[in-house]
Amino acid sequence: EEVIVDNKCLKLVYININSLQSKNKQLRVQRGIIESKADIVILAETKIHEGTQEYKVPGYYQAANLVRRAGAGGLMVMVKSTIKIHKIVKKNVLDEIQVIQFEFSGQTIISVYRSPTVKLMSVPEREHHETIIGYLKTQIKKLKDKPFYLVGDFNLSDMVKCDFNPDPRVSGFEDDLPTKTY
């Protein structure tokens, strides 16, 4: 029988694990979670799919699992068995953007994974960026003055290179540039 205890301090860890596909990787991640002694662990890029067996870690439960497709993306929240989180919302904002939001002790944690694969995006790059920013602004606005934490792997390096104004030459779409003839 589990006993839920009051916590005044929370240790949260966010890890991009780049796949839980192999047994060896599962064991290494499991060991990392246990050694971290984190209360809540958010795993990004799990790369698992709907038919995958539930991932288990002794002393933790899987509070949320959001899959993208086999071999791509994925976001999972593992929580110590003595802790209860509330109001879990899982959402694929776009195919390449996953968000799991939950509450713990009156605080909201918003975790994000955004795929870096520019050429395979479901919408143009600028719209992709505006979609995640718009979604996060809406969620944060709903919280009013409640405390929140935003964690994640946003894979923004290409966007930062061009000051969040996508340029096809930076994104690898130079072949798509319009040509001018005079």
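These numbers come from the heavy atoms of this one structure, side chains and all, not from hydrogens, waters or symmetry mates. No experiment lies behind these values; they were computed from the predicted model shown.
Between Ser105 and Leu10 the shortest side-chain heavy-atom distance does not fall below 4.5 Å. In this structure the side chain of Leu20 reaches within 4.5 angstrom of the side chain of Met76, judged on heavy atoms. Looking only at side-chain heavy atoms (C-beta outward), Leu75 and Tyr14 come within less than 4.5 Å of each other. In this structure the side chain of Val77 never reaches within 4.5 angstrom of the side chain of Ile109, judged on heavy atoms. The shortest distance between side-chain heavy atoms of Ile133 and Lys137 falls below 4.5 Å. Residues Ile42 and Ile100 fail the side-chain proximity criterion, which asks for heavy atoms closer than 4.5 Å.
Scanning both residues, Tyr113 and Gly73, for their nearest heavy atoms gives CE2-CA, 3.7 Å. Between Gln98 and Val67 the shortest heavy-atom distance is NE2-C, 3.7 Å. Contact record, Lys84 with Tyr61: CA-OH, 3.8 Å, taken as the closest heavy-atom pair. Closest of all the heavy-atom pairs between Ala63 and Ile88 is O-CD1, 3.6 Å. Counting all heavy atoms, side chain and backbone alike, Arg114 lies closest to Ile97 at CG-CG1, 4.0 Å. Taking both residues in full, the closest heavy atoms of Asp39 and Tyr60 are given as O-CE2, 4.2 Å, listed atom of the first, atom of the second, then distance.
Under the rule for a side chain to side chain donor-acceptor pair (under 3.5 Å), the partners of Gln107 that lie at least two apart in sequence or sit in another chain are Tyr149. Residues satisfying the side chain to side chain donor-acceptor pair (under 3.5 Å) test with Asp153, not counting sequence neighbours, are Asn16, Asn155. Ile140 pairs by the side chain to side chain contact (heavy atoms under 4.5 Å, CB included) definition with Ile110, Phe148, not counting sequence neighbours. Taking Gln30 as the reference, Leu27, Ile34, Tyr55, Val57, Pro58 meet the side chain to side chain contact (heavy atoms under 4.5 Å, CB included) condition, with sequence neighbours excluded. In this structure Asn18 satisfies the side chain to side chain donor-acceptor pair (under 3.5 Å) test together with Lys47, sequence neighbours excluded. For Asn24, the side chain to side chain contact (heavy atoms under 4.5 Å, CB included) criterion is met by Ser22, Arg28, not counting sequence neighbours. Checked against salt bridge (charged side-chain N to carboxylate O under 4.0 Å, His left out), Lys146 has the following partners two or more places apart in sequence or in another chain: Glu103. Here Glu127 pairs with nothing under the salt bridge (charged side-chain N to carboxylate O under 4.0 Å, His left out) rule; sequence neighbours left out. Under the side chain to side chain contact (heavy atoms under 4.5 Å, CB included) criterion, Glu35 pairs with Arg31, not counting sequence neighbours.
Proximity of a side-chain donor or acceptor of Lys91 to a complementary backbone N or O of Gln101 within less than 3.5 Å is not detected. Side chain of Lys37 to main chain of Lys11: no donor-acceptor pair is present (N/O by atom type, distance under 3.5 Å, no hydrogens or angles).
Few gaps surround CD on Glu54; more than 12 heavy atoms of other groups in view lie less than 6.0 Å from it.
The NE2 atom of His86 sits 11.5 Å away from atom CZ of Phe102, with the distance rounded to the nearest 0.5 Å. Atom CG in Asn65 sits 5.5 Å away from atom OG1 in Thr46 (nearest 0.5 Å). Summarising the geometry, atom CD1 belonging to Ile132 is positioned 11.0 Å from atom CD belonging to Glu96; distances are rounded to the nearest 0.5 Å.
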ask   = Leu136 and Val112: side chain to side chain contact (heavy atoms under 4.5 Å, CB included), yes or no, with the steps?
value = CA-CA 10 Å; Leu136 291 172; Val112 178; 4.1 Å; yes
ask   = Does the side chain to side chain contact (heavy atoms under 4.5 Å, CB included) test come out yes or no for Thr138 and Lys142, once each step is laid out?
value = CA-CA 6 Å; Thr138 300; Lys142 287 179 188 177; 3.9 Å; yes
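Under the 4.5 Å side-chain contact rule for hydrophobic residues, Leu150 and Leu94 share a cluster.
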